[in-house]
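Order of the sequence lines fixes the chain letters, A, B, ..., with proteins taken first and strands second; residue numbering starts at 1 for each chain.
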Number of protein chains: 2
Amino acid sequence: MSLRYALLALLRVGPLSGYELQKLFSESVGHVWHAPDSQIYPELKRMEANGLIQGEDQTRGERGRRRIYHVTDAGTADFSDWINGPLDYSRVRDPAHLRAAYLESASPEAARDFLAAHAAQHTELLHRWQDEIARIRSGSHPMVQRRLAAIPESERERAVEFKVFAYEGLAQRAESEIRWAEQGLRLLDRLS
Amino acid sequence: MSLRYALLALLRVGPLSGYELQKLFSESVGHVWHAPDSQIYPELKRMEANGLIQGEDQTRGERGRRRIYHVTDAGTADFSDWINGPLDYSRVRDPAHLRAAYLESASPEAARDFLAAHAAQHTELLHRWQDEIARIRSGSHPMVQRRLAAIPESERERAVEFKVFAYEGLAQRAESEIRWAEQGLRLLDRLS
DNA sequence: CTAAACATGTAAAGCGTTACATGATTCG
DNA sequence: CGAATCATGTAACGCTTTACATGTTTAG
């Protein structure tokens, strides 16, 4: 259900075509809520069927066409309900910690590879989050750029602060995962 | 696909009926990989169809019956492939951080509620992980009890250490989430 | 006898992944 | 004229959730 609100969050700032939305998505909200285009187009159709957004067809050249969507009042209300309502937490389902719990059954090399890969995975994510924070702060982020025109100065600061806050949380989590993997590597050393 | 290996991990220690497995599951591996019984029974059927486990029917009283499953050689091999193979990480899809990124659109009270609930959620998890660690170390954990009979002294220490390691990772993550939520509450104070 | 625990599922719907599929336009 | 980019999807499959569904045995 969150995909819907991730899309709505972008569309609220201004009308977009499915394609534009998808491009913008992948370099902004898509970082915290991944979705491929094959999921975005059908979801837009469903949202239109539900009255949350309204699309209008445009022509492009001779035969080209595209559909520009904008948020309806019902869509604005729905987004507001979501952002102000409770969030339900899904049950824990964690492949890495599941595996870690049974690592005595793996070969020492495989165990080491797993932990090194875990650290590498989260190091990559950490860099991504740090880059995003830098881009948001510097104003070069596409999301921030769109907002410049859409919201007043006063709201802008709040918007930037919350985005940075969100990505800092992800960065801290990544750091925590890296520390954990390193603890695991030291544990392997001790046990061998 | 991980559910399969979570089940195999338990069955490897010794044969169990679906019901026993499900009970044991919910108080051990189920903490890191949740699954309801309605998912466990069909998965057992599928695993048997794939030759990873073999079931045998037992009678219970007059008309009662139950099916006891044990792991086959193919199942052991499959588990080994999984534990020694690479783990693929799924794309980021995080409802809490998605919401945090758009928190400027929420009312101040709703934002505060959200962050307080996030801290509460992870405080509860933290306690769960800490309890699990204590239970594992003290040997009162059902999983550890079953292992006592099944594996030699030398392997036992390794098994316990890795379980503790896994739950410590989850505890550290919970602590990180709580710190983040508290940072968010302070940010709200600053912005108001 | 009745409640708790034992025992095992089915059905429907939604979400997500992967692969496939097609065509138009613009820029160099 | 060819490549990149614009533009929009469908199909099949698998996992997860939620709700429903049914019956037996044992202990008090």
Side-chain angles (χ1 to χ4, degrees), chain A residues 1-7 15-27 29-30 32-50 53 55-69 82 87-95 98 142, chain B residues 1-7 11 15-27 29-30 32-50 52-53 55-69 82 87-95 98 142:
Chain A
M1 240 338 55
S2 288
L3 173 57
R4 167 162 304 196
Y5 299 105
L7 295 173
L16 291 168
S17 71
Y19 185 79
E20 288 171 321
L21 182 55
Q22 180 235 111
K23 287 291 155 191
L24 201 57
F25 187 91
S26 70
E27 51 181 300
V29 221
V32 291
W33 194 274
H34 170 81
D37 21 335
S38 66
Q39 208 186 345
I40 291 176
Y41 287 112
E43 181 62 25
L44 286 172
K45 283 213 158 173
R46 245 172 281 138
M47 287 164 73
E48 185 168 19
N50 295 355
I53 58 178
E56 270 165 284
D57 273 323
Q58 273 188 356
T59 52
R60 233 175 52 100
E62 286 296 303
R63 271 180 297 264
R65 61 174 182 115
R66 59 183 209 155
R67 200 166 173 78
I68 308 289
Y69 293 100
W82 172 74
L87 190 66
D88 41 282
Y89 288 85
S90 55
R91 308 309 203 85
V92 181
R93 198 171 285 114
D94 192 305
L98 171 61
Chain B
M1 250 316 74
S2 288
L3 173 57
R4 166 162 304 197
Y5 299 106
L7 295 173
L11 279 174
L16 290 169
S17 71
Y19 186 77
E20 287 171 322
L21 182 56
Q22 181 235 111
K23 288 290 156 194
L24 200 58
F25 187 91
S26 69
E27 48 181 303
V29 222
V32 293
W33 193 274
H34 170 81
D37 23 334
S38 66
Q39 207 187 344
I40 291 177
Y41 287 113
E43 181 62 24
L44 286 172
K45 286 214 156 171
R46 244 172 283 136
M47 287 163 74
E48 185 169 18
N50 294 356
L52 305 181
I53 59 178
E56 271 165 285
D57 273 324
Q58 273 187 357
T59 52
R60 232 173 53 100
E62 287 296 305
R63 272 180 297 266
R65 65 179 177 108
R66 60 184 208 154
R67 199 165 173 78
I68 308 289
Y69 293 101
W82 173 74
L87 190 68
D88 43 281
Y89 289 86
S90 55
R91 308 308 201 85
V92 182
R93 198 170 285 111
D94 191 306
L98 170 61

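Between the C1' atom of D:dT16 and the CG atom of B:D37 lies a distance of 13 Å, rounded to the nearest Å. If you take CD of A:Q39 and C1' of D:dT8, they are 16 Å apart, rounded to a whole angstrom. Here the C1' atom of nucleotide C:dA7 and the CG atom of B:L16 are 14 Å apart, to the nearest Å. In this entry the distance linking CD1 of B:I68 with C1' of C:dT8 reads 13 Å, nearest Å. Residue A:R66 contributes atom CZ, which lies 9 Å from atom C1' of D:dC6 at whole-angstrom precision. The nearest whole Å value for the distance from the CD1 atom in A:I40 to the P atom in C:dC15 is 15 Å. Between the P atom of D:dG9 and the CE atom of A:M47 lies a distance of 14 Å, rounded to the nearest Å. If you take NZ of A:K23 and P of D:dT5, they are 8 Å apart, rounded to a whole angstrom.
Checking the phosphate oxygens (OP1, OP2) of D:dC6, a side-chain nitrogen or oxygen of A:Y19 falls inside 4.0 Å. The shortest distance between the side-chain N/O atoms of B:R93 and the OP1/OP2 oxygens of C:dT17 is below 4.0 Å.
In the displayed structure, B:E56 atom CD is contacted under 6.0 Å by at most 12 heavy atoms of other residues, nucleotides or ligands.
Residue-to-nucleotide proximity on DNA chain C shows that, of A:R60 and B:R65, the 5′-proximal contact is made by B:R65. Residue order along DNA chain D, read from the 5' end via each residue's closest nucleotide, puts A:P42 first among A:P42 and B:R46. Heavy-atom nearest nucleotides on DNA chain C were determined for A:G61 and for A:P36, and the one closer to the 5' end corresponds to A:P36.
Relative to the side chain of B:Y69, the nucleotides C:dC15, C:dG9, D:dT25 differ in distance, and C:dG9 lies closest. Nearest to the side-chain atoms of A:S17 among the listed nucleotides C:dT8, D:dT8, D:dT17 stands D:dT8. Minimum atom distance to the side chain of A:Y41 is reached by D:dT8, of the listed C:dG9, D:dT16, D:dT8.
With B:F25 as the fixed residue, the side-chain contact (heavy atoms from CB on, under 4.5 Å) test singles out one of B:D37, B:L16, B:L3: B:L3.
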For A:K45 and A:E48, run salt bridge (charged side-chain N to carboxylate O under 4.0 Å, His left out): C-alpha distance rounded to whole Å, both residues' side-chain angles, the deciding distance at 0.1 Å, then the answer. CA-CA 5 Å; A:K45 283 213 158 173; A:E48 185 168 19; over 6 Å; no
Decide yes or no on salt bridge (charged side-chain N to carboxylate O under 4.0 Å, His left out) for B:K23 and B:E20, but give the supporting numbers first. CA-CA 5 Å; B:K23 288 290 156 194; B:E20 287 171 322; over 6 Å; no
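Summarising the geometry of B:W33 relative to A:D94, their closest heavy-atom pair is CE3-N, 3.4 Å, with the distance given to 0.1 Å.
Remark: the A:S38 side chain and the C:dT17 base include no donor-acceptor N/O pair separated by less than 3.5 Å.
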